[in-house]
*Asks:* 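Please see the structure below; I have some questions.
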There are 2 protein chains.
Amino acid sequence: MIHGMIKRLTIHDVAKEAGCSIATVSLVLNNSGRIGPDTRHRVTEIIKTLGYQPNTSGRNLRLQRTDTIGLMFNPSPSKIFKNIFYIDMMEGLEEKLCQRGFSLLLGSGREELARDNLPKFMRTGAVDALILMGHFPENTLDVLLRTRTPVLLLDSLHPHKEVDCLTSDGFSGASQAVDHLVSIGHTRIAMLSYDILEYHNVMTRIDGFRTAIKRHGLDARINPVVHDFAINEDLPAKIDAMLADPEGPTAFICVNDTLAVYVTDYLMDRGVNVPEHVSVIGFDDDTIARTHQPPLTTVRIDSFFLGAKASELVIERLKAPQEPVRKIIVPVELIVRESTGAPPAIRPVWPRK
Amino acid sequence: MIHGMIKRLTIHDVAKEAGCSIATVSLVLNNSGRIGPDTRHRVTEIIKTLGYQPNTSGRNLRLQRTDTIGLMFNPSPSKIFKNIFYIDMMEGLEEKLCQRGFSLLLGSGREELARDNLPKFMRTGAVDALILMGHFPENTLDVLLRTRTPVLLLDSLHPHKEVDCLTSDGFSGASQAVDHLVSIGHTRIAMLSYDILEYHNVMTRIDGFRTAIKRHGLDARINPVVHDFAINEDLPAKIDAMLADPEGPTAFICVNDTLAVYVTDYLMDRGVNVPEHVSVIGFDDDTIARTHQPPLTTVRIDSFFLGAKASELVIERLKAPQEPVRKIIVPVELIVRESTGAPPAIRPVWPRK
DNA sequence: TTGTATGCGTTATCAA
DNA sequence: TTGATAACGCATACAA
């Protein structure tokens, strides 16, 4: 026998104990002003000593809301949480949401979504709103948006869809990265990205890079964006080719820190010193950016803040369902560490002759 | 205007459309056997075309349950999810739970718990059960256990508390580690642990180590457990002292992979080769154990399985609240990689003379 | 086989 | 200021 089967207290128990009606108890509970100070006090005491708490299901049914926000990831929690960035984001989200009296429901239902069906909790009124973390395919999104349940895209942005979005300013981040490199003398910079251009964040960073290159009057052909590779496969060959070219880049901007770490390590293995020979910049300011040798210059995104901001947005949306959708872009900041420096007077060529 | 304000469908809408009573619809929904095949078919069709789903709040209220499991972490999601081990565990948990029709509610309420109050969702019937991931202080646990809501401790174990527990077999893991080292010739082994002996998992691993050492007829004084240190502070000095001792250990068993990586890197920095001079074993089989150089010999814990098993346990508990509590210990397996090898014929002393 | 009616626990309306 | 009561959406005991 595990627990005593104490019957759960209801508002009736409190009313009986206080010698009043359940209406009075409810009024006290939701502190309506028009309650006699003496009864208010008496009822409050009884509530406290009994340890009564209004039942969630009853309350939800009556109020036609649940004060619960659904949370979905793509492709899966374990994939997405490998990136510390998202963990901090969820922490910010959860903390703020909870402070405001909301709960977070982990949204499974990926299988249903994959078949273009709504996840169960979206069809049954189990959540008041939904937050989508990471990139979701467009048709999946469309299925979700046919609901009357508000949706927020976190760390993603669809400019032309009727949906609230919140993400970081990758355009500015890439610009800052280019500006920094140019300011210390680089004129041949390559941007490295995974081949997932449908991700808005990725495309925006690339856009920012290209625009900044043009703004500085640099040649797009010798400041290329390289993205048609699979890491561990084509990437080494691509890098080798650029290193072998005397006109090759003296700096790499990578679309995130994971890639930047990979590239830096690869370079060092080949005898290319970072930053003496070649500079490297990352994105996100993951923990690894600080602990890596050399510590990475990177574009810092305040992921905790992003999560906290998301909770605000979703709560405001709940209060004002009819307001126009909002696309919010959070500023980012370049953190200069030790993976960037002035380019060598004459950049060597690898393999060394 | 964001979404069409389509009024949510209720069972009445379906009944009207089908020209029957709501009872009939409900019976079809919960496929009670005694419904005429023709009406059953008709109602089913209408449900499908209308896209009706029973409302969660109404259902929960009527059924006096929520099919929702609360999930709490200590000290915080971000702290605990830094460890990939826990991410995989949550993945397993979430996947199985969802398959069985349950939802996962992220339990905030740490502040309340810290003040020895129950988290809100535990007092209001918002969840049917609670899963605690990681180590919680005993008095916190006691507060939680006074509820009639079932609790499951995941990756932790309290032998004498009336609470279901599920964790890995650290005792066996440490034994296997010692056996392996002894079998390849080691006779001087030290166990390294953080100074958090109140964690059952930690204490159990230490117990397993001590018992195995004794079983092999080895001297406990030259096969010590070292735990009174803060990493980055006292630990280097402790290791240095052992290395300087000609009778010092030829192998370290570390209480987890993070520590093992730290120790290995420190040793290599000092010119101590792993495994030629000294062997190192970790615990958990984190990703880092595979990617580290050299790859770590470690005690593998199937964290995904642990999570999946937890979901089973909690569901069974829900079905049989009166059954005696269960303490379940999942087997572990030593994975031999490249951080262990035969000890040197004569172990050098560091600093080298 | 199907329909009627009740109650789950709450909030809110209206009357007293 | 307080109380009686309806309604939220559903499942089920019981009646038909």
*Asks:* Rounded to the nearest Å, what distance is computed from the CZ atom of residue R59(A) to the P atom of nucleotide dC8(D)?
*Replies:* 18 Å
*Asks:* When you measure from the side-chain N and O atoms of S57(B) to the phosphate of dG9(D), is any distance below 4.0 Å, counting only OP1 and OP2?
*Replies:* no
*Asks:* I need the CG-P distance between L61(A) and dC10(D), as an integer number of Å.
*Replies:* 9 Å
*Asks:* Do the charged groups of R100(A) and D67(A) touch, with an N to O distance under 4.0 Å?
*Replies:* no
*Asks:* Please check the phosphate of dG7(C) (OP1 and OP2 only) for any side-chain N or O of Q64(B) closer than 4.0 Å.
*Replies:* no
*Asks:* OP1 or OP2 of dG9(D) less than 4.0 angstrom from a side-chain nitrogen or oxygen of Y52(B), does that happen here?
*Replies:* no
*Asks:* Could you state the CZ-P distance from R8(A) to dC8(C), rounded to the nearest angstrom?
*Replies:* 15 Å
*Asks:* Can you tell me the distance, in whole Å, between the CG atom of L29(B) and the P atom of dT2(C)?
*Replies:* 15 Å
*Asks:* Within this structure, what is the CG-to-C1' distance between L9(B) and dC10(D), rounded to whole angstrom?
*Replies:* 15 Å
*Asks:* Students often get this wrong, so: under 4.0 angstrom with heavy atoms, is T56(B) touching a base, only sugar-phosphate, or nothing?
*Replies:* nothing
*Asks:* Which is true for H12(B) with a 4.0 Å heavy-atom rule: it touches a base, it touches only sugar-phosphate, or it touches nothing?
*Replies:* nothing
*Asks:* Return the set of residues passing ring pair (Phe, Tyr, Trp, His ring centres under 6.0 Å) with H200(B) (not counting sequence neighbours), or none when no residue passes.
*Replies:* none
*Asks:* Figure out the NE2/P separation between H41(B) and dT2(C), and round it to whole Å.
*Replies:* 14 Å
*Asks:* Please set out all donor-acceptor pairs under 3.5 angstrom arising from side-chain atoms of residues 306-314 of chain A, sequence neighbours excluded.
*Replies:*
residue, atom, partner, partner atom, Å
S311(A), OG, A308(A), O, 2.6

*Asks:* Could you check how far CZ of R42(A) sits from P of dT1(D), rounded to whole Å?
*Replies:* 15 Å
*Asks:* State, to 0.1 Å, how close P119(A) and L144(A) come at their nearest heavy-atom pair, and which atoms those are.
*Replies:* CD-CD1, 3.9 Å
*Asks:* Distance check: side-chain N/O of T24(A) vs OP1/OP2 of dT1(D), anything under 4.0 Å?
*Replies:* no
*Asks:* Whole Å only: how far is the CZ atom of R123(A) from the C1' atom of dG9(D)?
*Replies:* 17 Å
*Asks:* Using the ring of each side chain (for Trp, its six-membered ring), is F73(A) parallel, tilted or perpendicular to F81(A), with breaks at 30° and 60°?
*Replies:* perpendicular
*Asks:* Ignoring hydrogens and angles, tell me if any N or O in the side chain of T147(B) forms a donor-acceptor pair with the backbone of T149(B) under 3.5 Å.
*Replies:* no
*Asks:* Might you list the N or O atoms of the protein lying below 3.5 Å from N or O atoms in nucleotides 12-16 of chain C, with each pair's distance?
*Replies:*
residue, atom, partner, partner atom, Å
dA12(C), O4', R62(A), NH1, 3.4
dA12(C), O4', R62(A), NH2, 3.2

